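All chains are named by letter (A, B, ...) in the order of the sequence lines, taking the proteins before the strands, and each is independently numbered beginning at 1. A quick note: this is a predicted structure, and the numbers were derived from the prediction, not measured.
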Amino acid sequence: MADSMSSSMGESYLMVEITGPVRVRFAPSPTGFLHIGGVRTALFNWLFARHYGGQFILRIEDTDEKRFVQDAADDIMASMRWVGINWDEGPDKGGPHAPYVQSERKALGIYQRPADELVASGHAYKCFVTPEGEEAMRAAWAAKGERPERFRFRGPERDWTHAQVAEAEASGAPFTIRLKVPFDGATSFHDLVRGGDQITINNADLYDLVLLKTSGMPTYHLAHLVDDHIMGVTHVIRGEEWVPSAPYHIMLYQAFGWQMPTFAHVPNILRQDGKGKLSKRRDDVSTNRFWERGYLPEAMFNYLSLQGWSYDDKTEIMSREEIVERFTIDRVQASPARWNPDKLKDMNGIYIRSLPATDVADLLMPYMVKAGMIADPPQAKDRSYLEQMTPLIHERLEELQQAPELLAFFFQDTISYEPKLLIQKQMDAARSVDILRAAHAALNSIENWTISEIEEHLRALVESLGVKPGQLFGSIRVAVSGRTVAPPLFDTLAVLGRDRSLARIAAAAVSLE
RNA sequence: GCCCCCAUAGUCUAGCGGCCUAGGACGUCACCCUUUCAAGGUGAAGAUCGCGGGUUCGAAUCCCGCUGGGGGUACCA
């Protein structure tokens with residue numbers, strides 16, 4: 001076995017051109033919500049499958065009994081659907097290789113038999129060392145003066161006779177099945193993301209990996225590989241954190257004599273400060289949080305596609321179809337990307353602006369309801385009122401959740417603010433009262449309360465008062481909205497309505513007296 | 001510590017030996033537009049292509065070393 005470990009995949013392996021039908025999978029572990037880094041990896045698999053007209057499989061890898069989180073699989077699937085990633089085979093829709101949940105597959109004995117085969121062929125062995133026993137081995141290693149960090153587990157059972165193994169087994173002692181990794185030689189594999197270059201790791205740096213736990217549950221290493229083989233996965237596209245364990249996988253494929261898939265280890269997304277990869281614990285990156293905050297799935301899809309992949313030297317805004325058409329692995333970067341929420345936000349704004357205002361009003365409604373500004377369920381008049389004010393903030397939105405805050409003054413019976421905000425540059429309280437009164441009179445004389453008439457009257461008033469536009473409009477803005485930064489004034493007045501506009505302006509004048 | 005991967009402006013990236021006086025985007029700043037804020041337009045600052053050696057007529061692009069960053073080092077994935 002040792003000799004065959006120095007593997008060579010052959011020239012054909014270097015070919016980036018994809019010829020036959022491709023099958024790829026995304027295989028998350030249900031240990032919590034799906035964060036955007038996971039979505040990105042799923043997305044690359046999906047794009048690869050769609051680009052080449054192949055299949056995309058979703059498989060739940062719940063072989064970690066300790067970290068299993070109820071409902072996590074549902075959240076993962078909901079997150080993927082939201083972004084727009086669908087699957088051809090998966091837990092909820094079945095497929096030719098169902099079930100697609102590993103704990104269910106384990107119950108079917110799917111992993112036990114290959115593990116036994118490996119033991120029978122001498123590529124793996126039953127190991128009776130307990131966790132405590134392993135600790136003792138590490139301690140003994142250190143006691144010999146060796147660096148504890150350099151300890152590489154090798155089970156004493158590697159050299160046991162059949163009789164010894166039989167005896168231990170007969171005693172009922174629990175055991176794991178471990179891969180019998182050669183001490184010498186090296187293991188290599190090619191990686192598409194690194195231009196087909198070879199990655200080589202010395203076998204001496206490896207250890208005897210556990211394939212089957214004492215519980216009978218396979219580890220990721222055995223389970224994913226057996227399933228990939230059974231499910232006919234042609235390309236393994238996964239995060240680069242898997243590079244160091246890839247040699248074990250290579251050994252397993254060789255030990256089984258199975259067709260090797262092509263590997264593509266895609267770069268991680270690093271935290272904003274670059275210190276480590278994104279983690280669901282430390283970073284606010286759960287996919288459903290972005291849905292909550294009002295990110296459009298199209299924007300998220302587009303942004304994520306650019307985390308580690310690019311099309312050319314300038315194109316960034318692309319539709320799903322365009323990305324599918326253009327996505328190839330050779331344009332996937334080997335260096336890690338960095339999480340950049342500002343860029344995502346900017347892109348979300350672009351996507352929001354590209355939508356018709358009526359669509360945006362529909363999207364905004366749930367946020368207004370949640371903020372308590374619009375009744376649940378909304379009435380027809382609420383819908384039309386929201387539709388009137390949506391154009392006022394449409395191009396100012398970067399996240400849909402910003403809408404209630406921006407529109408709050410439309411929904412308040414009385415607004416509160418510091419009266420001194422009414423006083424514009426080079427004005428004083430008395431003069432401000434004067435122009436507010438004048439504005440009240442001018443607006444009161446309007447027959448048709450429309451944007452154009454409001455503008456006409458107020459611009460005429462600027463002339464007759466001899467003030468700067470900003471001085472008059474600024475005072476009125478504060479008077480009706482309570483803020484110095486607000487949507488365009490004439491539109492605001494039009495939507496706010498004659499009565500409320502006049503009342504607020506009158507109240508403002510009083511507050512300064 | 002050891003192993004593996006990576007390395008172009010604050011950030012994301014284009015570049016795969018001569019088209020680069022290094023292109024685009026986010027962010028920053030200025031100006032224009034303008035009733036505020038945005039959006040939009042124009043422009044600016046910001047990269048001795050991490051450092052040092054090679055190879056070559058010629059290197060951001062190829063090779064080596066160093067440094068830095070990331071990943072891994074589990075009966076977790």
Side-chain angles (χ1 to χ4, degrees), chain A residues 27-31 61-67 127 129-131 134 147-153 174-178 191 193-195 197 199-202 204-207 209-215 217-221 223-224 238-247 265 267-268 270 272 274-277 303 306-317 330-331 333-347 349-350 353 393-398 406 424 455 458-459 462 468-478 481 483-490:
Chain A
S29 178
T31 56
E61 306 213 325
D62 57 345
T63 53
D64 186 345
E65 297 130 304
K66 297 188 187 77
R67 292 200 305 158
C127 177
V129 176
T130 60
E134 183 174 341
R147 290 188 161 281
E149 311 86 4
R150 298 209 58 182
F151 180 72
R152 301 283 178 271
F153 185 92
F175 61 87
T176 58
I177 290 182
R178 287 181 184 265
D191 191 307
V193 171
R194 275 143 266 274
D197 279 357
I199 294 173
T200 300
I201 294 177
N202 288 325
D205 292 319
L206 271 22
Y207 73 104
L209 189 75
V210 170
L211 265 19
L212 212 62
K213 310 177 193 180
T214 50
S215 65
M217 186 67 89
T219 59
Y220 161 84
H221 305 285
H224 94 275
R238 76 224 302 194
E240 67 177 335
E241 66 271 24
W242 294 108
V243 169
S245 53
H265 291 94
N268 278 322
L270 267 32
Q272 212 178 339
K275 302 227 177 291
K277 59 175 180 175
Y303 173 77
L306 262 13
Q307 293 293 291
W309 174 80
S310 63
Y311 173 57
D312 61 13
D313 61 338
K314 36 192 65 129
T315 314
E316 289 195 335
I317 303 300
D330 59 289
R331 291 202 63 87
Q333 191 104 83
S335 55
R338 188 90 73 96
W339 172 233
N340 186 349
D342 281 345
K343 178 89 175 182
L344 205 214
K345 200 181 275 189
D346 175 71
M347 200 170 267
I350 292 172
R353 270 175 257 129
I393 59 167
H394 188 173
E395 69 182 21
R396 273 155 259 265
L397 290 172
E398 285 187 309
L406 293 171
Q424 300 299 302
E455 173 162 12
L458 289 182
R459 290 213 185 273
V462 166
K468 290 178 182 168
Q471 292 176 319
L472 176 64
F473 300 159
S475 283
I476 301 175
R477 175 176 300 106
V478 173
S481 71
R483 31 178 54 181
T484 53
V485 174
L489 185 61
F490 311 132

Rounded to the nearest Å, what distance is computed from the [atom1] atom of residue [X] to the [atom2] atom of nucleotide [N]?
| X | N | atom1 | atom2 | value |
| --- | --- | --- | --- | --- |
| A:E65 | B:C76 | CD | P | 8 Å |
| A:I201 | B:G71 | CD1 | C1' | 11 Å |
| A:R178 | B:A74 | CZ | P | 10 Å |
| A:L212 | B:C75 | CG | P | 13 Å |
| A:H265 | B:G70 | NE2 | C1' | 15 Å |
| A:E149 | B:A74 | CD | C1' | 16 Å |
| A:D205 | B:G1 | CG | C1' | 12 Å |
| A:E241 | B:G70 | CD | C1' | 11 Å |

State the pairing partner of [N]; accept Watson-Crick or G-U wobble contacts with both distances under 3.5 Å, and report none otherwise.
| N | result |
| --- | --- |
| B:U48 | none |
| B:A7 | B:U67 |
| B:C2 | B:G72 |
| B:U55 | none |

Identify each atom pair where a protein N or O and an N or O of nucleotides 7-16 of chain B are less than 3.5 Å apart, giving names and distance.
unit_1 : atom_1 : unit_2 : atom_2 : d
B:U13  : O3'    : A:S310 : OG     : 3.3
B:A14  : OP1    : A:S310 : OG     : 3.0
B:A14  : OP2    : A:Q333 : OE1    : 3.2
B:A14  : OP2    : A:Q333 : NE2    : 3.1
B:A14  : O3'    : A:R331 : NH2    : 3.3
B:G15  : OP1    : A:R331 : NH1    : 2.9
B:G15  : OP1    : A:R331 : NH2    : 3.3

Quiz item: By salt bridge (Lys or Arg N to Asp or Glu O under 4.0 Å), which residues pair with A:K345, not counting sequence neighbours?
Solution: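 Counting only residues at least two positions away or on another chain, A:K345 forms no salt bridge (Lys or Arg N to Asp or Glu O under 4.0 Å).
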Among the candidates [options], find the nucleotide nearest to the side-chain atoms of [X].
| X | options | value |
| --- | --- | --- |
| A:R152 | B:C2, B:C3, B:A77 | B:C2 |
| A:R396 | B:C6, B:G70, B:U36 | B:U36 |
| A:K277 | B:G72, B:C37, B:C26 | B:G72 |

Considering every strand and a 4.0 Å limit on heavy-atom distances, what is the contact class for [X]: base, sugar-phosphate, or nothing?
| X | value |
| --- | --- |
| A:K66 | sugar-phosphate |
| A:G239 | nothing |
| A:G276 | sugar-phosphate |
| A:P148 | nothing |
| A:K345 | nothing |
| A:T200 | sugar-phosphate |
| A:L489 | base |
| A:R67 | base |
| A:P267 | nothing |
| A:V193 | nothing |

Quiz item: Has the side chain of A:R150 got a donor or acceptor that lies under 3.5 Å from a partner of the other kind on the base of B:C2?
Solution: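 No.
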Practice problem: Indicate the ring-plane relationship of A:Y220 and A:H224, choosing parallel, tilted or perpendicular according to the 30° and 60° boundaries. | Solution: parallel
Quiz item: Under 4.0 Å: is that the gap between some side-chain N or O of A:K213 and OP1 or OP2 of B:A77?
Solution: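 Yes, within the criterion.
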Quiz item: Is there a side-chain polar atom (N or O) of A:T219 under 4.0 Å from OP1 or OP2 of B:A77?
Solution: no
Can you tell me how far [atom1] in [N] sits from the matching atom in [M], rounded to whole Å?
| N | M | atom1 | answer |
| --- | --- | --- | --- |
| B:C4 | B:U11 | C1' | 26 Å |
| B:C2 | B:C49 | P | 31 Å |
| B:C12 | B:C32 | C1' | 29 Å |

Exercise. Any chance you could lay out the ring pair (Phe, Tyr, Trp, His ring centres under 6.0 Å) test for A:F473 and A:F490, step after step, and finish with the verdict?
Key: CA-CA 9 Å; A:F473 300 159; A:F490 311 132; 5.2 Å; yes
Quiz item: If each of A:T130 and A:G474 is mapped to the nucleotide of RNA chain B with the nearest heavy atom, which maps nearer the 5' terminus, i.e. the 5' end?
Solution: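 By nearest-heavy-atom nucleotide position, the 5'-most residue is A:G474.
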Quiz item: Is there a side chain to side chain contact (heavy atoms under 4.5 Å, CB included) between A:K343 and A:E316 once you walk through the steps?
Solution: CA-CA 11 Å; A:K343 178 89 175 182; A:E316 289 195 335; 2.9 Å; yes
Quiz item: Taking NZ, NE, NH1 and NH2 as the nitrogens, is one of them in A:R238 or A:E61 under 4.0 Å from a carboxylate oxygen of the other?
Solution: no
Self-check item: Closest heavy-atom pair and its distance - A:V193, A:A334
Solution: CG1-CA, 3.8 Å
For nucleotides 40-45 of chain B, give me every protein contact, N/O to N/O, under 3.5 Å, one pair per line with atom names.
unit_1 : atom_1 : unit_2 : atom_2 : d
B:G40  : OP1    : A:R353 : NH1    : 3.4

